[in-house]
Amino acid sequence: MKNILIVEDDEHIQISLKEVLETKGYHVIQAYHYHEAMDHVCDDIHLIILDIQLPGGNGIALCRQIRKKYHMPILYLTCRNDEDTIVEGLNAGGDDYVCKPFGIKELLARIEALLRRIPVDEDIIYTVDLKIDTKSYQVYKQGQLIDLGLIPYYILVHLVQHQGIVVTRQQLLMMIEHLTGHDLEDNTLSVHMKRLREKIGTYHGSYIETIRGVGYRWIQK
């Protein structure tokens, strides 16, 4: 059974989410403010649903604190859907977000996507009609080898390994700098994204979704 920690000061939302999640087979732990949440965070928590505006502290600051030690997925609930807040939250270590008011089906889909993230240590990754060999740095589409280039390859693997999660442009730039040792200009990232999309095409509408002003998300229908 997966353990989900809900950090939310709205009692109505807490009760509703707890009921729905328990019917789906999750075990729910509840916290209503910043400091109470830190008392519950541990290795046994598989996912955290985190409100950004909390009594006693800010949810983004709480995310940063959690990320000093733990790596479980963090899904923001927020009534603030401005670009700056969303980007700040994702760059602080959050994995995805849902804006209030939200649909329960969408929330459940986001939770399920976060909980089924592809492990980063797999040598072979299969997704839709692609096969990604992480040892040879090769990508096959319907059995045919495609020439991506190194940086588009890194972008593809990162997005696929974080399937269903919004990855900001800044996170991609930092990832590429870490792997290659070289800075990448924002405009150059756009060129690599265009090349990647051209090479892999689409599969029944799946692949890379652009989140305007924020980043990208790998979707698999």
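- Without hydrogens or angle criteria, Gln14 side chain to Ala31 main chain gives a donor-acceptor distance under 3.5 Å.
- Surrounding NZ of Lys194 are at most 12 heavy atoms belonging to other residues, nucleotides or ligands under 6.0 Å away.
- Looking at Glu112 and Lys2, no side-chain N of the basic residue comes within less than 4.0 Å of a carboxylate O on the acidic one, giving no salt bridge.
- If you chain together hydrophobic residues whose side chains sit under 4.5 Å apart, Ile4 and Ile104 fall into the same group.
- Put simply, the side chain of Ile151 does not reach to within 4.5 Å of the side chain of Thr188, judged on heavy atoms.
- Using a 4.5 Å heavy-atom cutoff, the side chains of Leu54 and His33 are not in contact.
- Taking every heavy atom of both residues into account, Tyr153 and Val139 meet most closely at CD1-CG2, 3.7 Å.
- Proximity of a side-chain donor or acceptor of Glu8 to a complementary backbone N or O of Asp10 within less than 3.5 Å is detected.
- No donor-acceptor pair closer than 3.5 Å links the side chain of Arg67 to the backbone N or O of Ala92.
- In this structure, the separation between OH on Tyr26 and CD1 on Ile111 is 6.5 Å, given to the nearest 0.5 Å.
- Using a 4.5 Å cut-off on side-chain heavy atoms (C-beta onward), Val7 and His40 make no contact.
- A single hydrophobic cluster is not seen to contain both Tyr140 and Ile200; linkage of ILVMFWY side chains at heavy-atom distances under 4.5 Å, directly or through other members, places them apart.
- When every heavy atom of Arg197 is checked against every heavy atom of Ile208, the shortest pair comes out as NH2-O, 3.2 Å.
- Inter-residue side-chain proximity for His158 and Val167 is flagged as met; some heavy-atom pair is nearer than 4.5 Å.
- Linking ILVMFWY side-chain heavy atoms closer than 4.5 Å, directly or via other members, places Val191 and Tyr154 in two distinct hydrophobic clusters.
- Using a 4.5 Å cut-off on side-chain heavy atoms (C-beta onward), Ile86 and Val166 make no contact.
- Across all non-hydrogen atoms, the minimal contact from Leu148 to Arg195 is O-NE, 2.6 Å.
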Dump the intermediate steps for side chain to side chain contact (heavy atoms under 4.5 Å, CB included) on Gln30 and Leu17, then the final yes or no. CA-CA 10 Å; Gln30 296 173 286; Leu17 284 181; over 6 Å; no

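- Counting only distance, with no hydrogens or angles, the side chain of Arg110 and the backbone of Gly164 share no donor-acceptor pair below 3.5 Å.
- One finds the SG atom of Cys42 at 9.5 Å from the NZ atom of Lys69 (value rounded to the nearest 0.5 Å).
- Looking at Ile6 and Leu77, their side chains never come closer than 4.5 Å, going by heavy atoms from C-beta outward.
- With rounding to the nearest 0.5 angstrom, the CG atom of Leu75 is 11.0 Å from the CG atom of Asp51.
- Minimum interatomic distance between Cys63 and Gly94 (heavy atoms only, all atoms of both residues): SG-N, 3.4 Å.
- Between the Thr134 side chain and the Asp123 main chain, a donor and an acceptor come within less than 3.5 Å of each other.
- Atom OH of Tyr137 has 12 or fewer heavy atoms from other residues, nucleotides or ligands within 6.0 Å.
- Contact check for Tyr97 versus Thr85: no side-chain heavy atoms found under the 4.5 Å cut-off.
- A side chain to side chain contact (heavy atoms under 4.5 Å, CB included) with Pro152 holds for exactly one of Asp147, Leu196, Val157, Ile146; it is Leu196.
- Tracing side-chain contacts under 4.5 Å through hydrophobic residues (I, L, V, M, F, W, Y), one reaches Leu47 starting from Val20; they form part of the same cluster.
- With Ser16 contributing its side chain and Ile13 its backbone, the two residues share no donor-acceptor pair below 3.5 Å.
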- [ ] Quick one: do Arg64 and Lys68 satisfy side chain to side chain contact (heavy atoms under 4.5 Å, CB included)? Show the steps, please.
- [x] CA-CA 7 Å; Arg64 289 195 183 96; Lys68 291 179 180 179; 5.8 Å; no

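- A donor-acceptor pair under 3.5 Å is formed between the side chain of Asn58 and the backbone N or O of Ala61.
- Checking side-chain atoms of Thr168 against main-chain N and O of Gln171 turns up a donor-acceptor pair under 3.5 Å.
- The structure places CD1 of Ile66 at 4.5 Å from CD1 of Ile74, a figure rounded to the nearest 0.5 Å.
- For the pair Ile155/Leu159, a side-chain contact is recorded, criterion being any heavy-atom separation below 4.5 Å from C-beta on.
- The two residues Ile60 and Tyr76 make their nearest non-hydrogen contact at CA-OH, 4.0 Å.
- The shortest non-hydrogen separation linking Gln65 to Tyr34 is CB-OH, 4.2 Å.
- Put simply, Trp218 and Met174 are part of two different groups of oily side chains (I, L, V, M, F, W, Y) that touch within less than 4.5 Å, one to the next.
- Once rounded to the nearest 0.5 Å, the distance linking CD of Gln138 with CG of Asp133 reads 6.5 Å.
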